[in-house]
Each structure stands twice: as structure tokens, then as C-alpha cells.
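All residue numbers in this chain count up from 1 along the given sequence.
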Amino acid sequence: MLPSHLNGHSPLARRRPRLSAASPPATGDSDAAAADAPLAEHDRIYFQSYSHIGIHEAMIKDRVRTDAYRSAIMHHQKFIEGKVYAVEASEMATQAREIVKANNLDDKVVVVHGRVEDVEVEDKVDVIISEWMGYMLLYESMLPSVLFARDKWLKPGGLILPSHATLFMAPITNSERYEGSVDFWSDVYGINMSALVPLAKKFTSEEPSIEIIGGENVLSWPFVVKHIDCYTFKAEELKSITTKYKVSSMMLAPIHGFGLWFEVEFNGPSNPTDNSPSDLNPLDVIHKKRRRGSEDPVVLSTAPEDEPTHWHQTILYFPDPIEVKQDQIIEGSVKVSQSEENPRFLNIQLDCSFHWRCR
């Protein structure tokens, strides 16, 4: 059993999505109503952190992310044309208004300062565009705000972008990273500092690491931890997610832990007859992604084999590597749950065992 926790000391507390909706402009009282709404202390600190321009710079400079949203908006342009609300809870709303004015978009974009849970608009909206995804998809817990907006504002048959999200996980090998963080202490410029090795193992494994790995680091086909349909998903489902898995190692290598990544689709409502990624073999999901044509929905992927994004991948390292052979079975369960102290943080519990396939 390998519990891991995402907390405020982790590099995971660095970014926040924003939500926009297309339709008529907001009422003039929205800012006043939002300002009167009390915020929990963790939310106040959270939104305050997004007044720092560096966070927005990192997100906007992520061309994979930004181009995916641009492509999705152009793909669904006929649904989006018209008035737009841009809801922003941080003080960055002031700068957003100046940007709107500088680009002569005052008649099209209305920036509303406040949380989506607190502001009011006069009419239902046609489209909700959001960038709610955190590290390993669910960190920061912004999806409930999108679902709140969906239930309160979205017209029947309205569009949600992104529409679907899938969280993947797979065992990984990363000897270079492990040696650099753990084995390094055995010989530091000729000095034996191996007394620090146990502490280094503890530090490496007690919190997830946000870093970039490649497809060559992945030891099996990924499994689906969770598939989310934003048209039907309920916020209560995020409180605790448990998934059993069973994968087969593709090579002889040491397993250093598990990697998590996600992809989101910008599509219309699901067809009830379609299979969701959770119903498909992950290999079929990957092949389907590779076969996409120009008319298929836009996909934003943070997978190791794709171009890196500012989300990187999330790695859960073991204290010690475990040697596996080709075709060895790795199975167990993973549980992702919201922290009771702060629902924007996550607790992760990973169980795994190793055995041979019976022939």
C-alpha cells in the first residue's frame, strides 16, 4: 500500500482554469453580488494565487493547450458566435477587462469578477468553455464549478467544451530520475553520504512528482482510471474514485512507480450508443486517437508519447524499484479522493502486486 498526498507544499499548487459562457451579457449587479459572497480560507488563498501573471504566462505559452482551445472554438464556431461572459474569480478580472477594451471587444465580451457559484446572469447560455483541468486532471477540483454552471445556466442541447475527459495510468521505469534523486547520495563528489538515502527515498515517494517522461518510460498499455462525460457527470462522483487494474509488462525493466496523464475531447453530447473509453480497451482508445481525421473532435492530450504540455505527467514513485520481466502481470487498485481539509487537494492510495500469467 503506497499512500501519496497532493498538498500545498507540492509543485501542484500553481494553476487554475477559467470558465466562459456564450450568450447575452451579464447584469450590472453580478460583481457586487459576488463580492458579498463569503469565501472559505482555502478558496481565498487559491484565487489570490491566480493574480500572479506568471501562472497565466505558463498556461498561455503552452501552445499545445492554447492551440487545442483555438481549434475547438473554430470547430464549433457557429455555436459560439455572439455575446460572451468571461467569469474570473481572481483580481486578474481587472486586467481582463482592459484587454477586452484594448481589442475593441467591449460589445462582445463581458468580464464578470466572481466565482461562477456566486455570479448571476439573466438568461440561459448556449456554450460553456472552460479550462478546469489540473495536474493528473483532477487536482485543484475546478470541475465542480463547471458542472454548477452547466446545471444552472446551460440551455438544453447546449455545448460544453471540453466535453469529455479521460485519466490514464500505467507503470513506468525511470532509472535516470531515481538514480539522480536517491542513488546520488551514496557517493557525493567522493564522500559517502548514504545515510541520506532513506530520507531521499521517503521524499521521492511521499508526494507525486510533476515531470516529463517519454513513451519509452511506459511499461504497459495504460488503463483508464476515470472517464468523465461533462454533460452527465455529477460532482459527488469526484469525492472518491476507485479503479481496479490489471496490466502486463511489455519488457524486462525495473518499475519505479506509476505515471498518470489525461486527455480531453471537445465534442458535442455523447451518443448513448457510443462506447466510452472506460468501456473500451485502452489500446483501442489510443488507436482511435491516432486515426482521427480533420472532421473528428479536437483532442488535447498530455500523454508521454505526445508533445509535452505545462501539465507534464504526474508520477507516483515507489521507495524502491521492483524488477519485472516481460509479460509479468501487475494488478491492484488505485483510489483518488478529495482531501477532507481542503477539497482542492487529493489523496492517492495505490495498491499493486506482481505475478506471472498462467499459461
Side-chain angles (χ1 to χ4, degrees), residues 2 4 6 12 64-65 133-139 165-182 204-205 207-227 241 243-265 277-278 280-292 299-334 336 348-357:
L2 300 168
S4 296
L6 308 188
L12 301 181
V64 175
R65 163 197 179 271
M133 300 84 71
Y135 294 110
M136 59 167 285
L137 186 63
L138 301 176
Y139 182 71
T166 306
L167 177 62
F168 296 95
M169 188 170 176
I172 62 103
T173 185
N174 196 351
S175 295
E176 182 178 356
R177 165 70 164 78
Y178 187 85
E179 291 168 1
S181 298
V182 177
T204 298
S205 61
E207 287 189 356
S209 175
I210 305 303
E211 59 188 81
I212 294 175
I213 59 172
E216 69 277 5
N217 296 108
V218 180
L219 289 179
S220 77
W221 293 112
F223 60 91
V224 174
V225 176
K226 188 65 178 179
H227 176 67
I241 296 169
T243 303
K244 293 183 178 180
Y245 65 88
K246 184 177 182 180
V247 295
S248 175
S249 174
M250 294 186 292
M251 65 185 78
L252 170 67
I255 291 183
H256 291 95
F258 280 76
L260 294 102
W261 60 88
F262 66 87
E263 69 176 37
V264 295
E265 279 192 16
S278 56
L280 295 173
N281 184 302
L283 179 57
D284 295 332
V285 177
I286 294 170
H287 285 171
K288 178 183 176 183
K289 181 172 68 174
R290 296 291 176 261
R291 292 195 299 266
R292 292 185 188 276
V299 172
L300 169 57
S301 173
T302 67
E305 69 269 16
D306 291 320
E307 186 176 349
T309 69
H310 78 283
W311 285 285
H312 300 345
Q313 287 83 40
T314 301
I315 312 299
L316 309 179
Y317 280 107
F318 296 161
D320 295 286
I322 300 171
E323 292 287 339
V324 295
K325 298 180 180 179
Q326 185 173 347
D327 297 327
Q328 191 164 355
I329 302 300
I330 308 158
E331 64 178 328
S333 65
V334 59
V336 180
I348 307 170
Q349 181 175 303
L350 174 66
D351 295 324
C352 63
S353 61
F354 304 79
H355 57 87
W356 288 101
R357 187 192 306 273

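- Checking Arg177 against Thr204 by side-chain atom types alone, no donor-acceptor pair falls below 3.5 Å.
- The shortest side-chain heavy-atom distance between Thr166 and Lys226 does not fall under the 4.5 Å cut-off.
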Assess whether side-chain contact (heavy atoms from CB on, under 4.5 Å) is satisfied between Phe354 and Val324, documenting all intermediate values. CA-CA 8 Å; Phe354 304 79; Val324 295; 3.6 Å; yes

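- Side-chain atoms of His227 do not come within 3.5 Å of backbone N or O of Val224 as any donor-acceptor pair.
- You'll find the side chain of Phe223 stays beyond 4.5 Å of the side chain of Leu167, heavy atoms only.
- Counting only heavy atoms from C-beta outward, the side chains of Val299 and Glu263 approach each other to under 4.5 Å.
- Counting only distance, with no hydrogens or angles, the side chain of Thr173 and the backbone of Pro254 share a donor-acceptor pair below 3.5 Å.
- Residues that satisfy the side-chain contact (heavy atoms from CB on, under 4.5 Å) test with Pro304, not counting sequence neighbours, are Ile213, Val218, Trp261, Gln313.
- When the shell of 6.0 Å around CD of Glu323 is examined, it contains more than 12 heavy atoms from other residues, nucleotides or ligands.
- The distance between the ring centers of Tyr317 and His256 does not fall below 6.0 angstrom.
- For the pair Trp311 and Met133, the minimum side-chain heavy-atom distance is below 4.5 Å.
- Within the 4.5 Å cutoff, no side-chain heavy atoms of Ser248 are placed close to those of Ser220.
- At least one donor-acceptor pair closer than 3.5 Å links the side chain of Gln328 to the backbone N or O of Lys325.
- Between Gln349 and Val336 there is no side-chain heavy-atom pair separated by less than 4.5 Å.
- Taking the six-membered ring for Trp and the full ring otherwise, the centers of Tyr135 and Phe262 sit at least 6.0 Å from each other.
- Scanning all heavy atoms of the two residues, the minimum distance from Thr243 to Val225 falls at OG1-O, 2.6 Å.
- Salt bridge status for Lys244 with Glu331: absent, with no side-chain N to carboxylate O gap under 4.0 Å.
- Using a 4.5 Å heavy-atom threshold, the side chains of Ile172 and Phe258 count as separate.
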